[in-house]
Amino acid sequence: MTPEQQLEHLVGDASEVHSREELLDRLKLGRPLRIKYGADPSAPDLHLGHSVPMMRLRRFQDMGHKVIFIIGDFTGRIGDPSGRSKTRPMLSSEDIERNAATFAEQAGKILDIDACEIRYNSEWLDNLGSRGLIELAARYTVARMLERDDFATRMRSETPISIVEFLYPLVQAYDSVAVEADVEVGGTDQLFNFLVGRDIMRAYGMAPQVAATWTLLVGTDGTEKMSKSLGNYVGIAEPPGEMFGKLMSIPDVVLPHYYALLTDVGFDGAEQIERQMQSGELHPMEAKKRLASTIVARYHDPDAARRAQEEFEAVFSKGELPSDMPEHRIRRSDLEDGRIWIVKLVADCGGASSNSEARRLIRQGGVRLNDQRIQDETANVEVNGGDVLQVGRRHFAKIVVE
RNA sequence: GGAGGGAUGCCCGAGCUGGCCAAUGGGAGCAGACUGUAAAUCUGCCGGCGAAUGCCUACGGGGGUUCGAAUCCUCCUCCCUCCA
């Protein structure tokens with residue numbers, strides 16, 4: 001591959017690269033480049049949103065470049081007052097250690113983890129000292145900091161911004177100095193930080209890193225970015241059935257977006273799929289099943305993908321019972337004449353978090369016992385081993401009397 | 001340091017001339033209908049316990065006034081804006 005082709009292969013689908021020319025020049029050097037990726041030590045569970053930049057990292061890796069994961073243990077131990085209300089919890093060293101291990105394990109599904117360099121930023125930040133920190137801070141201005149959209153918005157909306165938050169981009173930029181990054185990759189939300197990285201590297205007399213960002217993946221709700229806290233994510237370590245089901249629940253309109261970012265078809269392929277759906281050539285559900293199946297196959301295996309699809313079709317298209325249901329054990333002594341109060345049953349089996357919620361579900365017709373809808377919240381129902389309780393669409397439990 | 005404004009349920013946000021406030025409205029969420037477990041739409045629910053007319057907990061925290069307080073007083077904590 002010529003350097004130009006490499007460039008296209010590596011960042012052809014990136015949303016922004018600062019700059020392509022610079023990256024081309026580095027590629028022409030012919031040496032392995034150092035590719036930086038910052039990992040959040042507070043959220044070890046990776047989801048498809050993380051997989052987007054990671055898949056791109058894999059491309060770099062496959063071309064002989066060095067991926068450097070930076071575990072932000074220094075910042076994680078201090079705690080981050082970012083955002084409005086919730087202060088991020090401080091993490092203990094053990095937490096960080098454990099999270100890093102989980103992270104590595106999950107990242108290993110996408111990358112050759114043994115070929116990666118994993119670094120903790122406390123390694124250099126602990127030694128920086130107040131003097132070093134102040135020297136670092138001296139190299140950037142408040143005005144430039146306030147250019148960041150997030151800060152600007154918060155200033156306007158009178159939401160507090162702590163000084164530490166100004167320090168974060170600087171510290172992250174310093175990471176680039178410490179690991180001598182050639183390229184930093186991440187989501188578009190990181191662009192500002194990456195650019196600060198460039199400035200700071202220059203200030204320390206280094207060639208600035210190339211900043212490459214990719215569009216953020218939207219979550220299964222189809223609007224917000226995928227994130228754990230919003231609950232709209234698909235974890236890459238989730239069981240095949242869950243993964244498949246969650247992917248089937250995304251709105252049709254985001255299908256091309258998912259295809260483009262998560263599969264090998266690329267933007268062109270995604271556009272083609274979009275056209276086929278519009279013309280009626282391809283049923284959106286079919287496209288979605290294919291997507292779900294591709295992704296399950298990647299994180300599990302093709303066989304698991306096939307089974308997940310069959311199960312999905314059986315349960316949701318044909319209305320059959322799932323082949324595998326969690327068991328709910330009831331002690332015979334809790335029964336009166338073989339009967340139990342329906343509200344208690346629903347709450348106990350995890351279908352509702354309180355009796356009140358269970359009542360609501362029952363009243364609204366969301367509860368079935370052996371396919372028989374139960375709407376009387378005062379009912380005492382007869383239960384036998386093997387009975388199936390269904391709460392809502394997707395919550396099933398097989399009753400075992402012991 | 002000075003002046004002013006604010007803290008309400010998962011989030012945003014009314015209420016704040018005391019009882020009709022478990023607290024208007026929106027979002028999120030959940031259930032039902034319709035479907036392709038999609039989206040959109042419509043309906044309902046949306047603190048807990050209870051068969052219930054009921055009870056308990058709740059409007060930043062403590063104390064107080066009152067028959068009765070999210071609403072009044074007081075102290076504290078935190079936040080914001082402006083001036084320095």
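Chain letters run A, B, ... following the sequence lines, proteins first, then strands; residues in each count from 1.
Comparing the P positions of B/A70 and B/A23 gives an interatomic distance of 13 Å, to the nearest angstrom. The C1' atoms of B/C79 and B/U8 are separated by 15 Å, rounded to the nearest whole Å. Nucleotides B/G29 and B/C20 place their C1' atoms 30 Å apart, quoted to the nearest Å. For B/A69 and B/A52, the C1' atoms lie 28 Å apart once the distance is rounded to whole Å. The separation of B/C34 from B/A40, taken at their C1' atoms, amounts to 11 Å, rounded to a whole angstrom. Nucleotides B/G68 and B/C21 have their C1' atoms positioned 13 Å apart, rounded to a whole Å. For the P atoms, the distance from B/A7 to B/U17 is 13 Å, rounded to whole Å. Comparing the same atom, C1', in B/C78 and in B/G62 gives a spacing of 15 Å after rounding to whole Å.
Checking the phosphate oxygens (OP1, OP2) of B/C30, no side-chain nitrogen or oxygen of A/R363 falls inside 4.0 Å. Remark: A/R359 is not in phosphate contact with B/G48, judged by side-chain N or O atoms under 4.0 Å from OP1 or OP2. Considering only side-chain N and O atoms, A/N355 lies nowhere under 4.0 angstrom from the phosphate OP1 or OP2 of B/G48. A sub-4.0 Å separation between OP1 or OP2 of B/G48 and a side-chain N or O of A/R360 is present.
Distance NZ (A/K344) to P (B/C49): 12 Å, rounded to an integer number of Å. Taking atom CG of residue A/L361 and atom C1' of nucleotide B/C30, one finds them 7 Å apart after rounding to whole Å. Atom CD of A/E357 and atom C1' of B/C46 are 9 Å apart (whole Å). Note: CE (A/M277) to P (B/A39) measures 15 Å, nearest angstrom. Taking atom CG of A/L247 as the reference point, atom C1' of B/G36 lies 15 Å away to the nearest angstrom. For the pair A/I374 CD1 and B/A31 P, the computed distance is 17 Å after rounding to whole Å. Put simply, CG on A/N232 is 13 Å from P on B/A28, counting in whole angstrom units. Across the protein-nucleic acid pair, A/Q364 atom CD and B/A31 atom C1' stand 4 Å apart, rounded to whole Å.
Relative orientation of the A/Y233 and A/H47 rings is tilted, given thresholds of 30° and 60° on the angle between their planes.
Both A/M248 and A/W341 lie near RNA chain B, and the one whose nearest nucleotide falls closer to the 5' end is A/M248. Mapping A/T378 and A/S354 onto RNA chain B by nearest heavy atom places A/S354 closer to the 5' end of the strand.
Across all strands shown, A/G245 has heavy atoms under 4.0 Å from base atoms, whether or not it also approaches the sugar-phosphate. Within 4.0 Å of A/R368, counting heavy atoms only, lies no atom of the nucleic acid at all. Counting any heavy atom pair closer than 4.0 Å across all strands shown, A/R393 reaches a base atom. Residue-level contact check: A/D252 touches the bases, meaning some heavy atom is under 4.0 Å from a base atom.
At least one side-chain heavy atom of A/Q172 sits less than 4.5 Å from a side-chain heavy atom of A/Q190. The shortest side-chain heavy-atom distance between A/F244 and A/Q309 falls under the 4.5 Å cut-off. Looking at A/L191 and A/E16, their side chains come closer than 4.5 Å, going by heavy atoms from C-beta outward.
Side chain of A/D221 to backbone of A/T223: a donor-acceptor contact under 3.5 angstrom is found. Checked by atom type and distance alone, the side chain of A/E238 pairs as donor or acceptor with a backbone atom of A/G235 at under 3.5 Å. Looking only at distances, a side-chain donor or acceptor of A/Q390 sits under 3.5 Å from a matching main-chain atom of A/G392. No donor-acceptor pair under 3.5 Å is formed between the side chain of A/Y259 and the backbone N or O of A/V265.
Under the Watson-Crick and G-U wobble criteria, each requiring two contacts below 3.5 Å, nucleotide B/G54 is paired to B/C49. Within the shown strands, B/C42 is the pairing partner of B/G32 under the Watson-Crick or G-U definition, both distances less than 3.5 Å. With a cut-off of 3.5 Å on both Watson-Crick or G-U wobble distances, the partner of B/G4 is given as B/C80. If you check B/C67 for Watson-Crick or wobble pairing at under 3.5 angstrom, you find it paired to B/G19.
Looking at the side chain of A/M285, the nearest of the listed nucleotides B/G36, B/C30, B/A39 is B/G36. When the nucleotides B/G36, B/G48, B/A39 are ranked by their closest atom to the side chain of A/P251, B/A39 comes out on top.
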Can you check ring pair (Phe, Tyr, Trp, His ring centres under 6.0 Å) on A/F103 and A/F69, steps first, answer last? CA-CA 10 Å; A/F103 174 87; A/F69 279 123; 5.0 Å; yes
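With A/Y204 as the aromatic partner, A/R139 meets the cation-pi criteria of under 6.0 angstrom to the ring centre and within 45 degrees of the ring axis. Judged by a 6.0 Å distance limit and a 45° cone about the ring axis, A/K288 is not positioned over the six-membered ring of A/Y258.
Listed in residue order, the members of residues 290-309 of chain A having a heavy atom less than 4.0 Å from RNA chain B come to none. Across residues 255-274 of chain A, not one residue has a non-hydrogen atom less than 4.0 Å from an atom of RNA chain B.
With sequence neighbours left out, the salt bridge (charged side-chain N to carboxylate O under 4.0 Å, His left out) criterion links A/E135 to A/R131.
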